[in-house]
Amino acid sequence: MDNTVLTIFVVVTACAVLLQAGILVGMFIAMRKTSAKMESLAEEVKTKVLPAAELAQSMMTELRPKIVTLLDNVSVSTTVLRTQMERMDATLTDIIDRTRLQVIRADEFVNSTMDKLEETREAVQRTVVSPVRHISGLMHGVTAGVEAFFSRRRDRESVNVPQDEMFI
C-alpha cells in the first residue's frame, strides 16, 4: 500500500511538474511575442516621437526668450495701465468734486437772486404800486365826485330849460 501511494504521489507530482512546464513554455512564447511587439513599438517611438520631442524641445529653447520678453512687456503694460487708471480716477474724482461745488454755488446764486428779486418785487409793491393804487383810487373818487358835481349842475340846467320854455 505504501508503494501505491508513493506511485500515485509521484504521478501527481509529475503531472503538476509537466503542467507547470507547459505554463512556463506558454509564458515564454507570450513573452517573446510581447517583446517583439515592444521592440517594434520602441523603434516606432524612436522614429516618430523622438524627432517630434526634439523639435518641441528646440522650439521651446528658441521661444523661451520671446515668451519671457512677452511676459515682461505684459507686466510693464499692466503696471502702466494701472498707473494711468489711477490718474484718470483721481482726475475724474477732482472733476466731479469741482462740478458739485459749482452746482452748489450756482444753486446758492440762483436762490440768492430769486430772494433779492422777491424782495425787490415786494419793495416795488410797497413803494410804487400801492401808492399808485391809492392815488388811482383817489383820482377815481375825485373824478366821480367832479362828474357827479357837474352832472347835477347839468341836470339842474336841463331841468330849468324846459321849465323856462314853459313860461314863455
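Keep in mind that the numbers below use all heavy atoms, side chains included, and drop hydrogens, waters and symmetry copies.
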Would a single hydrophobic cluster contain both Leu81 and Leu92, if residues Ile, Leu, Val, Met, Phe, Trp and Tyr are joined by side-chain heavy-atom contacts under 4.5 Å? yes
Glu86: what forms a salt bridge (Lys or Arg N to Asp or Glu O under 4.0 Å) with it, not counting sequence neighbours? none
Going from OG1 on Thr99 to CG on Asp94, what distance comes out if it is rounded to the nearest 0.5 angstrom? 9.0 Å
Does any non-hydrogen side-chain atom of Glu54 lie less than 4.5 Å from one of Ser58? no
Would Leu55 and Val49 show up in the same hydrophobic cluster when neighbours are defined by side-chain heavy atoms closer than 4.5 Å? no
Path from Val142 to Phe149 over hydrophobic side-chain contacts below 4.5 Å: yes
Quick one, Glu43 with Thr47, criterion side chain to side chain contact (heavy atoms under 4.5 Å, CB included). Give me CA distance, side-chain angles, the key distance, then yes/no. CA-CA 6 Å; Glu43 193 62 37; Thr47 58; 4.2 Å; yes
Would you be so kind as to tabulate the donor-acceptor pairs closer than 3.5 Å made by side chains of residues 61-71, with sequence neighbours excluded?
{"residue": "Thr61", "atom": "OG1", "partner": "Gln57", "partner atom": "O", "Å": "2.7"}
{"residue": "Thr69", "atom": "OG1", "partner": "Pro65", "partner atom": "O", "Å": "2.8"}

For a side chain to side chain contact (heavy atoms under 4.5 Å, CB included) with Phe9, tell me which candidate from Thr13, Thr7, Val12 qualifies. Thr13
From Leu19 atom CG to Leu24 atom CG, the distance as rounded to the nearest 0.5 Å: 9.5 Å
Hey, does the side chain of Ser112 reach the backbone of Phe109 with a donor-acceptor pair shorter than 3.5 angstrom? no
Do the side chain of Thr93 and the main chain of Asp89 share a donor and acceptor less than 3.5 angstrom apart? yes
Pairs of donor and acceptor atoms involving the side chains of residues 30-42, under 3.5 Å and at least two apart or interchain, shall be tabulated with distances.
{"residue": "Thr34", "atom": "OG1", "partner": "Ala30", "partner atom": "O", "Å": "2.8"}
{"residue": "Ser40", "atom": "OG", "partner": "Lys37", "partner atom": "O", "Å": "2.7"}

Any salt bridge linking Glu119 with Lys116? Criterion: basic side-chain nitrogen under 4.0 Å from a carboxylate oxygen. no
When rounded to the nearest 0.5 Å, the distance separating NE2 of His140 from CZ of Arg133 is 11.5 Å
Hydrophobic clusters here meaning ILVMFWY residues chained together by side-chain heavy-atom distances under 4.5 Å, can you tell me if Ile96 and Leu101 are in one? no
